[in-house]
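Here is the structure we will look at, set down as structure tokens.
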Amino acid sequence: MKFLDIRTDFAFKKVFGSEGSKDILLSFLNAVIDFNGRSVSDLTIVDPYNIPMLKGMKDTFVDVKAQLSDGSRVIIEMQVLNHEGFEQRVLYNAAKNYSLQLQQGQPFTLLNPVIALTLADFVLFPDQPLTNCFKLLEKKRFIEYSDDIELVFIELPKFNKTEADLETVQDKWLYFIKNAGKLDYVPKNLGQEQEKAFAIANESNLSTEELELQHRKRDYITIMRGAFELALKQGQEQGLKQGMEKGMEKGVEQNRRDTIINAHRAGVPPATIAQIVQLDVAEVCAVLAQLGQQ
């Protein structure tokens, strides 16, 4: 058997955001989020996984959205690549989903809490635990102002349990997300929901169209990771010769050009490339135009 790498955002949405994934998502959320001592008993998946919609998306970020039985909303995002402005984007998305609940003239009392859950495949908070939760608190005495917006981060590199170490439901879900793409069997000590998740992630159950989409996303991530590593290496090498500041600047500039070219060849739209390299679409098009003249 071969399974999808759940750490890609499209695969994550396939498993946790499909029409038949309610029980899977309920189990996952109850395992990784502290709902003040209670368990979530029901939810509605918003914007379920849909191949035509995903293929047409210009945005590179795909999240899973759920409305809980008490009206609260949860936004779940799988993020593989760190980038400038990432933490601001998480806060912006949470605030946007909070404010968009109201129509003009409606009272603020209708607003329901929003939880933004981010699973990061990189370390955001060194020397901190696996899970970090943030709310609005008074600066000195830590008095809670409101729990209407909560940011929860889980950093997968900090989860290092083996299959034999799995004890809690949270352990089993994080192990699934981090390791499914490297396994050729379903572990035996999992629950019913995790076994169902493995079945959804089994590549033999996917259409050719779905596999193509997932593999393109995986290739895209590989290209981006390689480009970022190359930028760091080039910047360091140039820094030894001309000074670190100038070297890093030149390395980043060359990396942007390489990233634009590699992403273009992988079929990534110019608008998406512009978001990745932090340039205007016109500047990205100018680089691609130069490529065509060579």
Side-chain angles (χ1 to χ4, degrees), residues 7 9 12-13 16-17 22 25-47 59-159 168-171 173-174 177 275 278:
R7 293 172 299 176
D9 47 15
F12 187 87
K13 182 154 189 170
F16 292 99
K22 179 190 286 190
L25 189 56
L26 273 170
S27 172
F28 173 67
L29 292 181
N30 280 319
V32 300
I33 295 179
D34 179 8
F35 292 105
N36 297 321
R38 62 185 176 87
S39 294
V40 176
S41 59
D42 195 17
L43 57 77
T44 300
I45 295 174
V46 182
D47 298 328
D59 197 348
T60 58
F61 311 109
V62 179
D63 53 27
V64 175
K65 296 179 183 178
Q67 182 165 332
L68 309 184
S69 53
D70 65 356
S72 300
R73 302 179 179 216
V74 182
I75 313 161
I76 312 106
E77 182 180 315
M78 179 70 239
Q79 183 68 21
V80 177
L81 299 172
N82 198 357
H83 61 83
E84 185 177 2
F86 166 67
E87 289 148 291
Q88 289 90 336
R89 182 173 63 79
V90 171
L91 180 58
Y92 171 79
N93 281 343
K96 180 177 68 174
N97 278 272
Y98 184 68
S99 63
L100 287 178
Q101 296 179 60
L102 292 185
Q103 301 295 325
Q104 187 173 3
Q106 289 184 313
F108 294 113
T109 52
L110 295 179
L111 288 168
N112 290 304
V114 170
I115 301 173
L117 170 62
T118 301
L119 290 97
D121 200 27
F122 49 86
V123 174
L124 272 168
F125 310 106
D127 303 320
Q128 298 299 320
L130 169 70
T131 302
N132 291 280
C133 304
F134 299 88
K135 292 184 177 181
L136 290 172
L137 300 175
E138 198 280 330
K139 194 171 183 178
K140 294 182 179 179
R141 298 180 300 281
F142 305 109
I143 302 169
E144 186 175 292
Y145 175 79
S146 170
D147 60 357
D148 271 14
I149 295 182
E150 181 176 354
L151 308 181
V152 182
F153 295 89
I154 299 177
E155 300 161 273
L156 292 179
K158 295 179 180 178
F159 180 81
T168 66
V169 179
Q170 182 183 97
D171 290 344
W173 276 124
L174 296 183
I177 293 170
Q275 293 179 354
Q278 302 293 306

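Quick caveat: nothing in here was measured; it's all calculated off a predicted structure. Numbers here are sequence positions counted from 1.
Shown here are the side chain to side chain donor-acceptor pair (under 3.5 Å) partners of K135, two or more places apart in sequence or in another chain: there are none. Partners of S39 under the side chain to side chain contact (heavy atoms under 4.5 Å, CB included) rule, at least two apart in sequence or in another chain, are N30. Among residues two or more places apart in sequence or in another chain, the side chain to side chain contact (heavy atoms under 4.5 Å, CB included) test is passed with D127 by none. Under the salt bridge (Lys or Arg N to Asp or Glu O under 4.0 Å) criterion, D34 pairs with no residue at all, not counting sequence neighbours. With sequence neighbours excluded, no residue satisfies salt bridge (Lys or Arg N to Asp or Glu O under 4.0 Å) with K96. Take D148 and apply the salt bridge (Lys or Arg N to Asp or Glu O under 4.0 Å) test, not counting sequence neighbours, and it matches no residue. Scanning for side chain to side chain donor-acceptor pair (under 3.5 Å) contacts around S27 gives W173, with sequence neighbours left out. Every residue two or more places apart in sequence or in another chain that forms a side chain to side chain donor-acceptor pair (under 3.5 Å) with R38 is listed here: D70. For N36, there are no side chain to side chain donor-acceptor pair (under 3.5 Å) partners two or more places apart in sequence or in a different chain. Taking the side chain to side chain contact (heavy atoms under 4.5 Å, CB included) definition, one finds that Q88 meets it with nothing, sequence neighbours left out. Qualifying salt bridge (Lys or Arg N to Asp or Glu O under 4.0 Å) partners for E150, counting only residues two or more places apart in sequence or in other chains: none.
Considering every non-hydrogen atom in both L26 and S41, the closest pair reads CD1-O, 3.7 Å. In terms of heavy-atom proximity, F35 sits nearest to L68 at CE2-CD1, 3.8 Å. Residues Q170 and V32 come closest through the heavy atom pair NE2-CA, 3.6 Å. When all heavy atoms of A95 and I149 are compared, the closest pair comes out as CA-CD1, 4.1 Å. The two residues V90 and F153 have their closest heavy-atom pair at CG1-CZ, 3.9 Å.
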* Show the numbers, then the answer: is there a side chain to side chain contact (heavy atoms under 4.5 Å, CB included) between L156 and R7? => CA-CA 9 Å; L156 292 179; R7 293 172 299 176; 4.0 Å; yes

Apply side chain to side chain contact (heavy atoms under 4.5 Å, CB included) to T131 and K158, showing your working. CA-CA 9 Å; T131 302; K158 295 179 180 178; over 6 Å; no

| query | Are E77 and D9 close enough, and set up right, to give a side chain to side chain contact (heavy atoms under 4.5 Å, CB included), and what steps lead you there? | reply | CA-CA 7 Å; E77 182 180 315; D9 47 15; over 6 Å; no

Run the side chain to side chain contact (heavy atoms under 4.5 Å, CB included) test on V40 and L29 for me, step by step, so that the C-alpha distance in whole Å, both residues' side-chain angles and the decisive distance to 0.1 Å come before the verdict. CA-CA 8 Å; V40 176; L29 292 181; 5.7 Å; no

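By the 6.0 Å contact criterion, CZ on F86 is enclosed, its count of non-hydrogen atoms from other residues, nucleotides or ligands being greater than 12.
Side-chain atoms of E155 never come within 3.5 Å of backbone atoms of A120 as a donor-acceptor pair (strictly under, hydrogens ignored). A donor-acceptor contact shorter than 3.5 Å is absent between the side chain of K22 and the backbone of I45.
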Side-chain donor-acceptor pairs of residues 104-114 under 3.5 Å, sequence neighbours excluded:
{"from": "Q106", "atom 1": "OE1", "to": "Q103", "atom 2": "N", "distance (Å)": "2.5"}
{"from": "N112", "atom 1": "ND2", "to": "G71", "atom 2": "O", "distance (Å)": "3.4"}

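Taking CG of N97 as the reference point, atom CD1 of I115 lies at 12.5 Å (rounded to 0.5 Å). Separation of atoms CD1 (I177) and CZ (F28) is listed at 4.0 Å; rounding is to 0.5 Å. In this structure, OH on Y98 lies 11.5 Å from CZ on R73, to the nearest 0.5 angstrom. Interatomic distance, Q79 CD to I154 CD1, rounded to the nearest 0.5 Å: 14.5 Å. Expressed to the nearest 0.5 Å, how far CD1 of I33 lies from CG of L117 amounts to 4.5 Å. Atom CG of L124 is separated from atom OG1 of T118 by 8.5 Å, given to the nearest 0.5 angstrom.
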